Amino acid sequence: MADGIPHAAAAAFDAIGDDYERAFAGSAAHGASLTRLLERLAPGSRILDVGSGTGRPTAQTLAAAGHEVLGVDVSPVMVELASRRVPGASFRHADIREVPLEEGFDAVCVYFSLLQMPREDQRRLVHRLAGALRPGGHLVLATVPLDVEDVGAVFMGQEVRVTSFGREAFRELAAGAGLGILDEDATVFTPAHPGAVPEPHLFLHCRREPVPPGP
């Protein structure tokens with residue numbers, strides 16, 4: 001696992017467990033993002049949920065709508081929680097950077113799961129995820145849009161290292177992966193957790209452009 005980072009992320013989110021879901025359950029922007037995605041999906045779509053956490057709300061919402069959902073998370077505790085809570089989806093304990101990906105997903109969701117990866121890993125992964133979409137497929141990217149690199153922070157009581165991009169650079173990251181941005185939602189959210197402070201959230205709804213027909 002690259003640079004030991006997944007081990008650190010796994011340890012942090014193993015410790016956070018259920019608290020993460022409780023802290024972020026009130027995000028209206030996350031709920032609106034899922035609603036927007038559902039409006040664009042055909043029945044029975046195949047969806048990859050990267051950094052699936054406890055499975056709620058993302059995998060649960062999509063599976064309840066009749067879609068085939070695969071969640072991947074580096075935290076074994078999160079995978080165990082998700083498997084129990086969302087039996088209608090499948091979950092795998094793995095580092096997404098090491099999972100072989102083939103084209104064919106109708107949608108990929110990446111809600112705040114890039115933040116503990118180096119920037120080059122984030123770029124490379126978004127390229128790979130875009131390539132795993134069928135032409136015309138959708139990719140949802142959500143992050144905390146700050147221009148920071150390998151900065152130490154305390155997140156829900158756990159020491160973590162955070163790397164992210166500012167808003168424009170994150171948009172460029174998506175465009176550089178061959179994605180068209182359909183919608184963008186910037187908001188501020190305060191997690192329901194002691195000591196939490198308001199944090200900016202950015203949601204990008206992207207599409208892998210269909211291949212134009214030949215002459």
Side-chain angles (χ1 to χ4, degrees), residues 1-34 49-61 69 71-86 89 91-99 109-122 125-126 140-167 169-170 185-204:
M1 293 186 177
D3 301 326
I5 292 168
H7 295 294
F13 282 90
D14 281 351
I16 291 169
D18 275 335
D19 287 346
Y20 184 87
E21 182 180 317
R22 287 190 287 267
F24 288 86
S27 174
H30 193 151
S33 173
L34 288 169
D49 183 11
V50 177
S52 44
T54 67
R56 301 193 298 207
T58 303
Q60 183 181 61
T61 299
V69 182
V72 177
D73 202 290
V74 75
S75 162
V77 169
M78 290 295 194
V79 169
E80 193 274 333
L81 287 170
S83 297
R84 286 193 285 109
R85 293 179 176 177
V86 192
F91 297 93
R92 180 178 175 184
H93 171 222
D95 176 0
I96 189 62
R97 293 173 293 182
E98 298 176 356
V99 175
C109 295
V110 188
Y111 285 104
F112 305 102
S113 49
L114 302 176
L115 292 165
Q116 293 189 58
M117 296 182 188
R119 284 181 173 171
E120 188 52 41
D121 282 8
Q122 293 188 38
L125 178 58
V126 171
V140 182
L141 295 167
T143 194
V144 177
L146 299 175
D147 183 8
V148 296
E149 189 165 8
D150 195 31
V151 172
V154 176
F155 177 69
M156 299 185 65
Q158 303 301 311
E159 293 186 1
V160 297
R161 308 295 301 182
V162 177
T163 295
S164 190
F165 295 86
R167 183 171 178 173
F170 199 63
D185 183 18
T187 187
V188 176
F189 178 73
T190 304
H193 190 266
V197 297
E199 54 187 56
H201 287 177
L202 176 65
F203 298 81
L204 298 183

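Because the structure is a prediction, the values reported are computed rather than measured.
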State the [atom1]-[atom2] distance between [X] and [Y], to the nearest 0.5 angstrom.
| X | Y | atom1 | atom2 | value |
| --- | --- | --- | --- | --- |
| Arg97 | Asp95 | CZ | CG | 4.5 Å |
| Thr54 | Arg84 | OG1 | CZ | 10.5 Å |
| Asp19 | His193 | CG | NE2 | 5.0 Å |
| Thr143 | Tyr111 | OG1 | OH | 13.0 Å |
| His30 | Phe189 | NE2 | CZ | 10.5 Å |
| Ser113 | Gln122 | OG | CD | 9.0 Å |

Task: Step-by-step side-chain contact (heavy atoms from CB on, under 4.5 Å) determination, Phe165 to Leu202 - done: CA-CA 11 Å; Phe165 295 86; Leu202 176 65; over 6 Å; no
Backbone N/O of [Y] and side chain of [X]: donor-acceptor pair under 3.5 Å:
| X | Y | result |
| --- | --- | --- |
| His93 | Val74 | yes |
| Asp73 | Gly53 | yes |
| Ser164 | Val144 | yes |
| Asp14 | Val77 | yes |

Contact between [X] and [Y] at the side-chain level, heavy atoms closer than 4.5 Å - yes or no?
| X | Y | value |
| --- | --- | --- |
| Asp185 | Ser33 | no |
| Met117 | Ile96 | yes |
| Leu81 | Glu21 | no |

If you look at every heavy atom in [X] and [Y], which pair is closest and at what distance?
| X | Y | result |
| --- | --- | --- |
| Phe13 | Gln116 | CE1-NE2, 3.1 Å |
| Arg167 | Ala186 | NH1-CB, 3.6 Å |
| Phe91 | Val86 | CE1-O, 3.5 Å |
| Ala29 | Thr187 | CB-CG2, 3.7 Å |
| Ala82 | Gly55 | CB-N, 3.7 Å |
| Leu114 | Phe170 | CD1-CE1, 4.2 Å |

Task: Parallel, tilted or perpendicular, as decided by the 30° and 60° cut-offs, for the rings of His201 and Phe203 - done: perpendicular
Task: Heavy atoms from other residues, nucleotides or ligands near CZ of Arg22 exceed 12 (cutoff 6.0 Å) - done: yes
Open item on the list: Tell me whether Glu159 at atom CD has more than 12 heavy atoms from other residues, nucleotides or ligands lying less than 6.0 Å away.
Closed with: no
Open item on the list: What I want to check is whether the side chains of Thr163 and Asp150 have a donor and an acceptor closer together than 3.5 Å.
Closed with: no
Open item on the list: If you apply the rule side-chain contact (heavy atoms from CB on, under 4.5 Å), what do you find for Glu199 with Thr190, and how did you get there?
Closed with: CA-CA 6 Å; Glu199 54 187 56; Thr190 304; over 6 Å; no
Open item on the list: Run Arg119 and Asp147 through salt bridge (charged side-chain N to carboxylate O under 4.0 Å, His left out) and show every step you take.
Closed with: CA-CA 11 Å; Arg119 284 181 173 171; Asp147 183 8; 2.6 Å; yes
